[in-house]
Amino acid sequence: MACKRFSLFCWLLGFMSVASCVPASSRRSPRAVDYDAKAKKILQDTPLVDGHNDIPWQLRKNFMNRLENVTLDKNNTKFHTDIPRLRKGGVGAQFWSAYVSCLNQYKNSVRLFIEQIDVIHRMVDKYPDAFTFVTSAQGIKDAHKDGKIASMIGIEGGHAIDSSLDTLRMLYDLGGRYMTLTHSCHTPWADSCTPAKPEHNGLTEFGKIVIKEMNRLGIFVDISHVSHKAMHDVLDVTKAPVIFSHSSAYALCNNTRNVPDDVLNRLPQNGGVVMVNFYNDYLTCSKVANLSDVADHIDYIKNTAGINHVGIGSDYDGVPRVPEGLEDVSTYPKLVAELLRRGYTDEEASKVVGQNLITAMEKMEKVADDQRKEKLQPFDNFIYVNKTCRPPVDGF
């Protein structure tokens, strides 16, 4: 027995000696999580939906919309956006912004918005292997299955309709699927967040009719850029989910372009989504920001409004400064990996990148479908705006 015990002791001693010589990196341990690979898989399974990209404005500013001079199918570091980098970034759907300056309000804004919508259509048509034009939540899902980038139109600024519900209906027919109620100027029926002095204390009665007509049509009410009072007025009126196509959390950066807590707290009842903006000035209230700051805003909105009410609205090609680590449209996987690193489940990350927007869009479309079944007629309210340089439209 003693001999056997001695032999066993020697065997154990020898095993321990051998084990101590094995490099630590080769010993068994829990496998490190490959967050980059998990992020890539999430973007393969769920279309990433970005709420706001201003490349159509760059096409106007740099090329006067002459697409024969545009090469989006090649890397172009002058812009944040091109097709190779959209592919690398795993973008599944993009709201392209039809934007016109407030300087054109009461002048030629409707014409210029139509031209921007036209250039979006022509851009999509020029690159059919990459883009496909869609107008519905189902269209986003179908495009993703086909390996295409679903392309939608967001109308940035209520001055696009020149206070005309008729024009709003035509913009919908041309493919507009959200309208930002204001840009950096008040409209005759809604207050912007940018001028220090409000003009209407939120929405006017006509502004509330605009919301109702948008609900009837099936076009998102986008309340980025509006005053905080106007945000609440919209939430009081709308029957459909709203979006903030490119805004962040006011509590982390007290810029009026961001969403305050009292509005975030109303989103669960409304079903809307805040699509977090990447502009440094709205993230840190300074010219410097990084990827972690964007994740902080996503965290904050998740913790305040809930995981179902946060998304992504980069504002690429519409802002002069973007965060370190998120330099262009190729970098979205880094953000997804950061969320996973912070403890987001795959399902939660999928909601942030696109599923929340798709769900909100389905709900918005159902409101419109229900009102069509009820045979709700188009609103035909009219207001006269005594600010235009054009003659009054009174039949003559």
Side-chain angles (χ1 to χ4, degrees), residues 43-56 59 67 72-73 81-83 85-87 89-99 113-114 116-156 160 168-180 214-222 240-243 245-246 271-273 275 311-314 316-317 329 332 350-369 372:
L43 293 174
Q44 287 173 345
D45 294 342
T46 305
L48 183 147
V49 185
D50 186 311
H52 198 89
N53 184 300
D54 274 300
I55 194 67
L59 300 182
L67 288 185
L72 289 180
D73 53 342
T81 308
D82 55 47
I83 292 169
R85 286 181 290 172
L86 286 166
R87 291 297 197 190
V91 176
Q94 180 67 66
F95 279 99
W96 304 110
S97 175
Y99 161 76
F113 271 105
I114 295 292
Q116 291 311 105
I117 290 173
D118 172 73
V119 82
I120 293 170
H121 279 285
R122 289 191 293 123
M123 179 185 75
V124 171
D125 290 343
K126 182 172 180 175
Y127 302 106
D129 292 339
F131 301 139
T132 185
F133 191 77
V134 310
T135 57
S136 68
Q138 186 60 49
I140 295 173
K141 292 186 279 190
D142 292 343
H144 191 63
K145 289 178 183 177
D146 293 340
K148 301 289 185 68
I149 299 168
S151 295
M152 297 171 285
I153 295 173
I155 299 161
E156 188 177 17
L168 172 64
R169 288 186 280 272
M170 292 299 97
L171 295 181
Y172 172 84
D173 285 348
L174 291 173
R177 286 302 178 268
Y178 76 65
M179 184 174 74
T180 321
M214 292 174 74
N215 285 176
R216 189 193 69 84
L217 288 167
I219 179 170
F220 271 126
V221 180
D222 174 21
V242 301
I243 61 168
S245 67
H246 56 310
V273 180
M275 308 181 84
I312 295 172
S314 64
Y316 280 133
D317 283 304
V329 296
Y332 295 106
S350 295
K351 287 185 174 186
V352 173
V353 301
Q355 189 55 55
N356 284 341
L357 187 282
I358 292 171
T359 299
M361 194 167 190
E362 289 170 340
K363 292 178 179 178
M364 181 269 291
E365 291 168 350
K366 186 178 186 306
V367 170
D369 288 341
R372 288 189 191 98

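When reading the values below, keep in mind they use all heavy atoms of this one structure, side chains included, and skip hydrogens, waters and symmetry mates. Given the structure is predicted, the values throughout are model-derived calculations rather than measurements.
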Where do [X] and [Y] come nearest, in terms of heavy atoms and distance?
{"X": "Met275", "Y": "Ile312", "result": "CE-O, 3.3 Å"}
{"X": "Lys363", "Y": "Pro241", "result": "CB-CG, 3.7 Å"}
{"X": "Gly89", "Y": "Leu43", "result": "O-CD1, 3.7 Å"}
{"X": "Val49", "Y": "Met152", "result": "CG1-CE, 4.3 Å"}
{"X": "Ile153", "Y": "Gly175", "result": "CB-O, 3.8 Å"}
{"X": "Ser151", "Y": "Val124", "result": "CB-CG2, 3.5 Å"}

Closer than 4.0 angstrom, basic N to acidic O: yes or no for [X] and [Y]?
{"X": "Lys141", "Y": "Glu362", "answer": "yes"}
{"X": "Arg169", "Y": "Asp173", "answer": "no"}
{"X": "Lys366", "Y": "Asp369", "answer": "no"}

Do [X] and [Y] come within less than 4.5 Å of each other through their side chains, counting heavy atoms only?
{"X": "Arg216", "Y": "Val367", "result": "no"}
{"X": "Ser314", "Y": "His246", "result": "no"}
{"X": "Pro56", "Y": "Tyr99", "result": "no"}
{"X": "Gln116", "Y": "Ile155", "result": "no"}
{"X": "Val329", "Y": "Asn53", "result": "yes"}
{"X": "Met123", "Y": "Trp96", "result": "yes"}
{"X": "Thr46", "Y": "Ile358", "result": "no"}

What is the distance from atom [atom1] of [X] to atom [atom2] of [Y], rounded to the nearest 0.5 Å?
{"X": "Ile149", "Y": "Ile83", "atom1": "CD1", "atom2": "CD1", "answer": "6.5 Å"}
{"X": "Met214", "Y": "Leu171", "atom1": "CE", "atom2": "CG", "answer": "10.0 Å"}
{"X": "Lys148", "Y": "Ile140", "atom1": "NZ", "atom2": "CD1", "answer": "15.5 Å"}
{"X": "Leu174", "Y": "Thr135", "atom1": "CG", "atom2": "OG1", "answer": "12.0 Å"}

Check the pair Tyr332, Val353 against side-chain contact (heavy atoms from CB on, under 4.5 Å), reporting the backbone distance first and the verdict last. CA-CA 9 Å; Tyr332 295 106; Val353 301; over 6 Å; no

Show me the side-chain donor-acceptor pairs of residues 125-134 shorter than 3.5 Å, one per line, residues at least two apart or across chains.
from, atom 1, to, atom 2, distance (Å)
Lys126, NZ, Leu67, O, 2.4
Lys126, NZ, Val70, O, 2.7
Tyr127, OH, Val70, O, 3.2
Tyr127, OH, Leu72, N, 3.0

Please walk me through it: do Leu357 and Ile243 pass side-chain contact (heavy atoms from CB on, under 4.5 Å)? CA-CA 8 Å; Leu357 187 282; Ile243 61 168; 3.9 Å; yes

Backbone N/O of Tyr178 and side chain of Asp222: donor-acceptor pair under 3.5 Å: no

Check whether His144 reaches the backbone of Ala93 with its side chain - one donor and one acceptor, N or O, closer than 3.5 Å. no

Establish, for the pair Arg177 and Phe220, whether the NZ or CZ atom is under 6.0 angstrom from the six-membered ring centre and no further than 45 degrees off its axis.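 Judged by the rule (NZ or CZ under 6.0 Å from the ring centre, within 45° of its axis), Arg177 is not positioned above Phe220.
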
Taking it one step at a time, do Asp50 and Tyr316 satisfy side-chain hydrogen bond (donor to acceptor under 3.5 Å, both in side chains)? CA-CA 10 Å; Asp50 186 311; Tyr316 280 133; over 6 Å; no

One pair to check against side-chain hydrogen bond (donor to acceptor under 3.5 Å, both in side chains): Gln94 and His52. What are the steps and the verdict? CA-CA 7 Å; Gln94 180 67 66; His52 198 89; over 6 Å; no

Yes or no on side-chain contact (heavy atoms from CB on, under 4.5 Å) for Leu217 and Leu168, after CA distance, side-chain angles and deciding distance? CA-CA 9 Å; Leu217 288 167; Leu168 172 64; 3.9 Å; yes

Run Ser97 and Glu156 through side-chain hydrogen bond (donor to acceptor under 3.5 Å, both in side chains) and show every step you take. CA-CA 6 Å; Ser97 175; Glu156 188 177 17; 3.1 Å; yes

